Asker: 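Sharing a structure, written as structure tokens. Questions coming.
All figures in this text were calculated on a predicted structure; none of them were measured in a lab. Note on naming: letters A, B, ... go to the chains in the order of the sequence lines (proteins, then strands), and numbering restarts at 1 for each one.
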Amino acid sequence: MLKDVTLGQFLPGVSPIHRLDPRAKILFLIALIVFIFITSNYISLALVAAFIVALVFMTRIPVKMYLKSMKMILFIVLFTGIINLFYGRGEPLVKIGFLQITEAGINNAVFVSVRIAVLILASSMLTFTTSPTDLTDALERLLKPLTVFHIKVHEIAMMMTIALRFVPTLLEETDKIMSAQKARGADMESGNLIKRIKALIPVLIPLFVSAFRRAEELATAMECRCYQGGSGRTRMKRLHFGKADLYGLAACLLVLCGVIICNIFLPATVR
Amino acid sequence: MNIIETENLSFVYGQGTPFEKTANDRLNIQIKEGEFVGIIGHTGSGKSTLVQMLNGLIRPTSGTIRLEGTDIWQSPKEIRKIRFKVGLVFQYPEYQLFEETVEKDIAYGPRNMGLSEGDIRERVISAARFSGLRSELLSKSPFDLSGGEKRRAAIAGVIAMDPDVLILDEPTAGLDPAGRDVLLAQISQYHKERKNTVLLVSHSMEDIAKTADRILVMNKGRAEMLEDTRTVFSRGEELERMGLRVPQITKIMSGLQKRGFDIPSGILTVEQAASVLAAYRGRSL
């Protein structure tokens, strides 16, 4: 069912990762992504991967949930991995028709697959441990400097909050409408592509109608509470950069040093 | 004969996640062919999950449901056929309307059954009549109807499949009092004419008292009682402990009885009460 979609789902908890400042978490995520892409040999790749796996265990969220979110992109990982396998230059190790596998190809395939997998792991960690409101709050704070260029950061953040807030609602609604149409004998699981697309019309039309209705109701409700955009608004929950965030920063810097040292002193395997 | 039987029927939401929640816990229910059963229970007591399992929309995590003696999940590929036999009208069914005209929308179910155009037309007209939808509305867009008319159109969409069992999940929620009474009367009328089984989920004890032969009481995912309407409503204290209540008129009449008035117990509707009180006055004069 649609509720099984785990990508981007918040799982409440009390782990040290949950309690980090969401701003710090976003910055750490960006840092980790940069790290994983600057690694150039197996040792540094393993170092970053190990760091992220350690963090995953620190979230105290069942590993099953992570695996579930990985399952959705397994195809992409395999696909890019296999493509890369055949695109290495140098001496071919194996030759199958016009395809050839080289040592560089194998290395590329491993790096690309591990990078994508770790990327997804790290991003699921962020969304699993941070509530959508915290996430957009943090983004608003981080993007604040852009107001200098007349970019309406608050409005963008508000739109994101609302969009995120309505993802589960709309999923639930879709589920309900699908059930209702199935109860009237809708057949969405069989037939060719065109038949299946046609079978979705009875779901999509009511869904659009209700999305517009909800949007209008929400706009009215916001106006009733005198919402006028970001200027002059204060926050109920203020973000706080604390000791735990400092430890996180220290750990990240340590890993960064490790990656740089490995990259400098060990021979590069890729690029 | 029992048309529906369940055996240790259970359903758990989100099994294996932190959100795990048991919605139905080992239900053993028998529903006889042709009876009108009311289903009551506090919010979150598992009524909606139960009715969705009964027509095969969700698969039980354990236990079985038998329709006319055969397990409905015996061949999962054939589950659509079960859905034509057990019609389910969801809460706020008007949000499922999608076609250009009301007629086409009501015809959606019968068309999925693969009936001929002539049969479909016939079924649409009789379903519209049963749900009290004026025939001139059939050619209109469902989005141009009033709230009450939309509700009727959506109910007609399920009735048009002519199911052996009709399940309605709070069909009167959000309607005005007059709309409620008319819709309930229509459902009762439908039950009488077609002689098929009807299951009605409702929060309104008055609605249930007016229509149901028997009542299934759900509490925290379990079936607490499945008895005839009078018996269930004579156990007011137990119901109140589950966050439910008896119809107001039943409570008033049993209060009068307790204060020494010589009147029978188990009064369920205002009409019954009026005639009982009139008879009482006749006697005491």
Side-chain angles (χ1 to χ4, degrees), chain A residues 1-6 9-15 18 59-69 128-129 168-191 195 198-214 217, chain B residues 13-20 48-49 51-52 54-59 76-77 79-100 104-115 141-143 150 154-161 163 166-167 169:
Chain A
M1 270 282 139
L2 287 168
K3 276 178 201 145
D4 294 336
V5 176
T6 52
Q9 187 190 18
F10 172 51
L11 299 165
V14 289
S15 78
H18 279 89
T59 60
R60 287 187 218 146
I61 287 166
V63 179
K64 221 168 95 190
M65 297 303 292
Y66 288 101
L67 293 181
K68 244 187 185 172
S69 70
F128 281 172
T129 61
T169 312
L170 286 180
L171 277 179
E172 202 176 294
E173 187 106 11
T174 315
D175 233 16
K176 235 193 218 157
I177 297 170
M178 268 173 114
S179 298
Q181 305 299 25
K182 273 192 200 158
R184 294 208 280 164
D187 183 8
M188 293 170 203
E189 279 110 28
S190 67
K195 220 178 149 192
K198 270 193 178 158
L200 278 180
I201 293 174
V203 177
L204 291 180
I205 291 177
L207 189 65
F208 275 125
V209 172
S210 93
F212 279 109
R213 192 186 35 142
R214 274 179 199 286
E217 280 169 7
Chain B
Y13 278 104
Q15 211 160 23
T17 67
F19 304 110
E20 189 173 295
S48 293
T49 310
V51 295
Q52 286 185 57
L54 290 182
N55 90 331
L57 276 175
I58 48 181
R59 199 172 178 160
K77 292 220 165 127
I79 197 70
R80 265 180 74 200
K81 287 192 183 135
I82 302 296
R83 295 185 190 142
F84 296 133
K85 282 188 187 165
V86 183
L88 172 60
V89 178
F90 273 81
Q91 250 176 62
Y92 298 103
E94 54 273 31
Y95 295 143
Q96 77 198 26
L97 300 170
F98 70 97
E99 276 284 11
E100 291 159 61
K104 278 191 186 170
D105 204 282
I106 299 175
Y108 180 66
R111 188 153 286 140
N112 283 330
M113 293 168 82
L115 298 177
S141 158
F143 300 104
K150 276 187 196 166
I155 294 175
V158 176
I159 289 181
M161 300 192 302
L166 177 67
I167 308 176
D169 194 352

Asker: A quick test of your reading: do over 12 heavy atoms of other residues, nucleotides or ligands sit less than 6.0 Å from CZ of B/Phe143?
Answerer: yes

Asker: Quick check on B/Tyr95 against chain A: is it the side chain, the backbone, both or neither that has a heavy atom closer than 4.5 Å?
Answerer: both

Asker: Name the option with the most non-hydrogen atom pairs under 4.5 Å to chain B; the candidates are A/Leu11, A/Ile177, A/Asp187.
Answerer: A/Asp187

Asker: Under 4.5 Å heavy-atom distance to chain B, tell me which part of A/Pro62 shows up: side chain, backbone, both or neither.
Answerer: neither

Asker: Working to the nearest 0.5 Å, report the span between OG of A/Ser179 and CD1 of B/Ile58.
Answerer: 8.0 Å

Asker: Go through B/Tyr108, B/Phe84, B/Phe90 and name the one with the most non-hydrogen pairs under 4.5 angstrom from chain A.
Answerer: B/Tyr108

Asker: Using the side chain to side chain contact (heavy atoms under 4.5 Å, CB included) rule, pick out the option among A/Lys176, A/Met178, A/Gln181 that qualifies with B/Gln96.
Answerer: A/Gln181

Asker: Tell me, out of A/Ala180, A/Pro202, A/Ala186, who's got the most heavy-atom pairs with chain B below 4.5 Å.
Answerer: A/Pro202

Asker: Heavy-atom distance under 4.5 Å to chain A: side chain of B/Met113, backbone, both or neither?
Answerer: neither

Asker: Are the side chain of B/Arg83 and the backbone of A/Ala183 linked by a donor-acceptor contact shorter than 3.5 Å?
Answerer: no

Asker: Any salt bridge between B/Asp105 and A/Arg184, counting N to O under 4.0 Å?
Answerer: yes

Asker: With heavy-atom distances below 4.5 Å as the criterion, would you say the side chains of B/Ile79 and A/Lys182 are in contact?
Answerer: no

